Protein chains: 2
Amino acid sequence: MVAKRGSPGDVRLLVRIAQLYYRMHLSQAQIGEQLGLSRFAVGRLLDRALDESIVRIEVVHPAARLVDLEDRLVERFGLAAALVADVPAAASSEAADDLARDAVAELAADFLAQRRPTGVIGVSWGRTMLAVARRLPQGWTSAAAVVQLNGAASRSNQPTRVGEILERFASTSGASFHGIAAPAIVGSAALRDALVNDPAIRETIDLARSATSAVFGLGIPAADSPHLASGFVDEAEQARLRSMGAAGDVIGRFLDDNGVIVWPELDARTVGLSLADLAQKPLRMGIAAGAGRGPIALAAIRAGILSVIACDESTAEWVLVHG
Amino acid sequence: MVAKRGSPGDVRLLVRIAQLYYRMHLSQAQIGEQLGLSRFAVGRLLDRALDESIVRIEVVHPAARLVDLEDRLVERFGLAAALVADVPAAASSEAADDLARDAVAELAADFLAQRRPTGVIGVSWGRTMLAVARRLPQGWTSAAAVVQLNGAASRSNQPTRVGEILERFASTSGASFHGIAAPAIVGSAALRDALVNDPAIRETIDLARSATSAVFGLGIPAADSPHLASGFVDEAEQARLRSMGAAGDVIGRFLDDNGVIVWPELDARTVGLSLADLAQKPLRMGIAAGAGRGPIALAAIRAGILSVIACDESTAEWVLVHG
DNA sequence: CGTTCGCATACTCATATGAGCACCTCGATA
DNA sequence: TATCGAGGTGCTCATATGAGTATGCGAACG
């Protein structure tokens with residue numbers, strides 16, 4: 001049915017073989033028999049059909065995009081894993097943020113349940129962490145202790161719900177839990193030092209330092225950020241923080257686009273584990289859900305704080321485009 | 001990276017596995033190792049990805065359409081083979097016919113060269129057969145003899161070139177050649193019988209009867225048909241032939257849409273092999289190139305005259321739609 | 001002419017894959 | 001509560017496939 005190499009008829013043979021193999025599911029040997037070729041020739045021609053793209057094999061499911069983004073994040077930034085959530089479109093940006101948070105939290109909780117980290121697990125707080133905590137299945141792991149990574153008590157009227165987060169992480173895994181009874185950011189470095197030297201708080205931070213896993217949200221410096229709204233950072237300071245180029249915060253510590261502490265004096269007033277200590281942990285999962293999280297996600301990656309990122313599709317794309 | 005069966009996360013796993021297997025070319029065992037699954041599970045999930053069409057494997061080359069048409073012709077009509085040519089678009093319909101003829105002739109010649117029929121080969125004549133003859137490569141086969149299947153001498157001013165056709169078939173294969181020195185259609189059944197009983201002609205027709213392969217064009221009853229223009233079929237008879245529903249002719253014998261001899265009296269005036277004898281041969285290739293050949297192609301198929309059809313794309317489609 | 005090179009071929013052998021089977025787990029049902 | 005059945009699992013074993021290698025054929029070259 002065919003003749004000269006390189007002639008049009010040649011392509012016909014490739015097409016015919018490809019059809020027999022991929023559509024009719026004949027074996028290469030059968031095809032060879034039928035067409036008077038050795039099975040080796042058929043195999044080689046099949047290879048050729050593949051790289052002359054006469055045959056196309058593609059993963060067509062919409063989720064393939066996401067898996068692709070994950071692969072690229074892992075590859076580009078040397079992460080241990082990346083989780084990119086499929087975020088359904090939503091009308092208002094607030095509703096979209098809620099959906100994104102839920103989707104990302106679902107992925108993060110699934111990941112944790114599959115990984116089953118043991119020993120001491122450090123957690124931050126925030127809406128995203130709450131969403132994760134609420135999705136942890138009973139018995140998701142058998143950790144020894146769950147410990148808060150940074151301060152949370154707030155003078156504002158926004159409850160941080162850090163208690164529920166810790167309680168859920170602990171009760172679903174059978175671990176004990178340990179909160180930090182202090183604000184995220186206080187009024188002076190001296191006060192911070194005093195708090196951190198308080199035996200109870202110091203003990204908890206030491207425990208956080210010993211944690212081998214950490215799970216934390218990546219925040220942005222919006223006016224409603226619980227960290228800024230704690231009451232110890234006044235409006236002028238908030239404005240200054242933003243004007244200095246703060247991309248967002250990781251466990252209460254604000255970074256610029258390159259992952260450098262943006263305002264060391266403010267950082268000196270922040271209660272909790274240091275980023276250097278955080279970056280030592282084998283498993284450190286940062287979660288970024290919602291619009292505008294690209295910069296802080298990239299900053300955290302650049303600072304080497306993340307080994308695993310969980311985020312939504314648009315954040316992943318932002319990071320890949322700008323990183 | 002995944003959790004519950006049937007959940008969205010499930011699809012993620014399929015997608016991930018599909019990517020690793022088809023894009024990264026990892027083995028199923030490697031994938032299993034990496035994802036903590038047995039290689040059997042991976043294989044089964046790959047199957048699922050295939051039939052949930054998360055993975056699509058398709059033959060994308062334009063020629064695939066043609067191969068598909070060929071397969072359907074073979075399948076539907078129980079042919080031994082079908083050759084469908086890719087006909088480039090052309091401005092005028094006459095130019096299109098020329099291109100179609102060339103493309104189909106190329107395929108037919110390739111097919112013959114690959115099949116290498118031996119023994120006695122019967123051929124008809126016409127523009128298409130000439131195009132085939134001109135494309136036979138030197139030494140395409142080692143036949144013993146090439147014999148004309150039906151009469152050709154004509155009173156019209158159109159040369160039939162049957163001599164060149166026979167000569168090319170023979171000289172490229174080392175065979176002897178045997179023409180029929182008589183018109184295609186004569187004025188009366190008595191004259192036909194007389195001719196056929198002439199020793200020289202009878203001998204040739206006997207030889208044609210003994211041929212194991214036959215290659216012939218499928219004609220249409222147009223005014224310029226060499227059969228009709230032979231001068232022994234007058235205009236009134238031509239009109240009558242068409243009004244009786246002649247779809248076209250095979251070796252000078254006109255069939256209706258169902259493959260039945262349309263006008264027995266005319267057939268009795270036709271010089272050459274009978275269709276019954278033709279239908280006995282193991283290899284009988286009919287060639288139909290150009291517009292309007294659908295009906296005669298289908299008629300020949302229905303009459304069981306063809307074991308191999310060579311035609312252009314539109315003819316193939318017509319036959320499949322109407323058959 | 002004879003030589004050599006390049007490329008396609010057909011082989012052997014190791015590996016990857018698929019079919020069939022026995023088992024197990026879990027939820028539904030009597 | 002006991003039993004059953006549908007799915008899912010991992011096995012063995014036969015088969016299909018691919019890597020690597022030696023051979024052969026024809027074209028280009030001296």
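No experiment lies behind these values; they were computed from the predicted model shown. Note on naming: letters A, B, ... go to the chains in the order of the sequence lines (proteins, then strands), and numbering restarts at 1 for each one. The figures that follow rest on heavy atoms only: side chains count, while hydrogens, waters and symmetry mates do not.
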Quickly, which of B:Ser142, B:Pro282, B:Ser213 forms a side-chain contact (heavy atoms from CB on, under 4.5 Å) with B:Pro117? Name it, please.
-> B:Ser213
Length of the line joining [X]:[atom1] and [N]:[atom2], which is rounded to integer Å:
| X | N | atom1 | atom2 | result |
| --- | --- | --- | --- | --- |
| A:Gln30 | D:dA16 | CD | P | 7 Å |
| B:Ile31 | C:dT17 | CD1 | C1' | 12 Å |
| A:Leu26 | D:dT17 | CG | C1' | 15 Å |
| A:Leu50 | D:dG18 | CG | C1' | 14 Å |
| A:Phe40 | C:dC11 | CZ | C1' | 6 Å |
| A:Arg39 | C:dC13 | CZ | C1' | 11 Å |
| B:Glu33 | D:dG10 | CD | C1' | 16 Å |
| A:Asp47 | C:dT9 | CG | C1' | 15 Å |

Quick one: the side chain of A:Arg44 and the base of D:dG18, do they pair up donor-acceptor inside 3.5 Å?
-> no
May I ask you to verify if any side-chain N or O of [X] is less than 4.0 angstrom from the OP1 or OP2 atom of [N]?
| X | N | result |
| --- | --- | --- |
| B:Tyr21 | C:dT17 | yes |
| B:Gln28 | C:dG18 | yes |
| B:Ser38 | D:dT9 | no |

Cationic N near anionic O, under 4.0 Å, B:Glu75 to B:Arg72 =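 Between B:Arg72 and B:Glu75 there is no salt bridge, as every charged N stays at least 4.0 Å from the carboxylate O atoms.
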Are any of the side-chain nitrogens in B:Arg16 or A:Glu70 under 4.0 Å away from the carboxylate oxygens of its partner?
-> yes
Could you walk me through whether A:Asp98 and A:Arg101 pass the salt bridge (charged side-chain N to carboxylate O under 4.0 Å, His left out) check?
-> CA-CA 5 Å; A:Asp98 286 348; A:Arg101 189 165 23 252; 2.7 Å; yes
